[in-house]
Amino acid sequence: GRVAQGELHEAEWLFAALEELYREGNPDLDAELTVGLLESLIHAVEAEGVADAAILHPIPKGPFARGAWEAAYAYTHHGRR
């Protein structure tokens with residue numbers, strides 16, 4: 001996949017758009033984006049050959065997207081070493 005090849009610009013666009021959506025403060029949408037999109041993104045990136053989706057940690061710049069990313073990452077990696 002593109003992330004595995006180091007192409008992160010599309011992830012930057014995604015997180016910029018997510019920041020705006022999270023900023024709206026809709027709890028139902030926020031949960032769907034975090035659980036449905038970000039957790040799936042983590043699994044997809046790791047299934048494409050990236051050993052750890054932590055490669056995306058620097059990408060979310062805004063506080064809302066960053067918080068959601070950190071929550072999704074923590075949930076999907078709970079108990080991993």
Side-chain angles (χ1 to χ4, degrees):
R2 291 182 180 181
V3 173
Q5 297 170 4
E7 295 180 31
L8 303 178
H9 63 278
E10 290 177 349
E12 292 170 354
W13 299 336
L14 171 67
F15 281 105
L18 287 175
E19 181 66 21
E20 295 305 313
L21 291 171
Y22 281 117
R23 189 180 310 272
E24 293 176 9
N26 179 328
D28 293 332
L29 178 60
D30 294 356
E32 290 294 328
L33 291 172
T34 302
V35 176
L37 180 63
L38 293 180
E39 289 180 15
S40 295
L41 174 63
I42 290 166
H43 292 301
V45 165
E46 292 177 351
E48 287 292 320
V50 176
D52 189 341
I55 191 173
L56 296 175
H57 280 341
I59 303 296
K61 304 294 186 210
F64 298 102
R66 163 130 333 265
W69 169 258
E70 290 173 354
Y73 185 85
Y75 181 81
T76 58
H77 288 79
H78 179 73
R80 291 190 193 181
R81 292 182 178 211

Please list all pairs passing the salt bridge (Lys or Arg N to Asp or Glu O under 4.0 Å) test where one or both residues lie in residues 54-72, with sequence neighbours left out.
->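 Checked against salt bridge (Lys or Arg N to Asp or Glu O under 4.0 Å) - neighbours excluded - the pairs reaching residues 54-72 are R66-E70.
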Is L14 isolated, or which residues cluster with it under the ILVMFWY side-chain rule of less than 4.5 Å, directly or via members?
->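 Direct or chained contacts put L14 with V3, L8, F15, L18, L21, Y22, L29, L33, L37, L38, L41, I42, V45, V50, I55, L56, I59, F64, W69, Y73.
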Residues clustering with V35 (ILVMFWY side chains joined when closer than 4.5 Å, directly or via others) =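 V35 shares its hydrophobic cluster with no other residue.
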Those residues at least two apart in sequence (or on a different chain) that pass side-chain hydrogen bond (donor to acceptor under 3.5 Å, both in side chains) with E32 are none
Rounded to the nearest 0.5 Å, what separation is found between the CD atom of E39 and the NE2 atom of H77?
->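 If we round to the nearest 0.5 Å, E39:CD and H77:NE2 are 11.0 Å apart.
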Which residue pairs pass the ring-ring contact (aromatic ring centres under 6.0 Å, His included) test when at least one of the two sits in residues 26-49, sequence neighbours left out?
->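 Counting only pairs at least two positions apart or across chains, no ring-ring contact (aromatic ring centres under 6.0 Å, His included) contact touches residues 26-49.
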Qualifying residues under ring-ring contact (aromatic ring centres under 6.0 Å, His included), relative to H9, sequence neighbours excluded = W13
Side chain to side chain, R23 and E19, heavy atoms closer than 4.5 Å |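 Of all side-chain heavy-atom pairs linking E19 with R23, at least one is under 4.5 Å.
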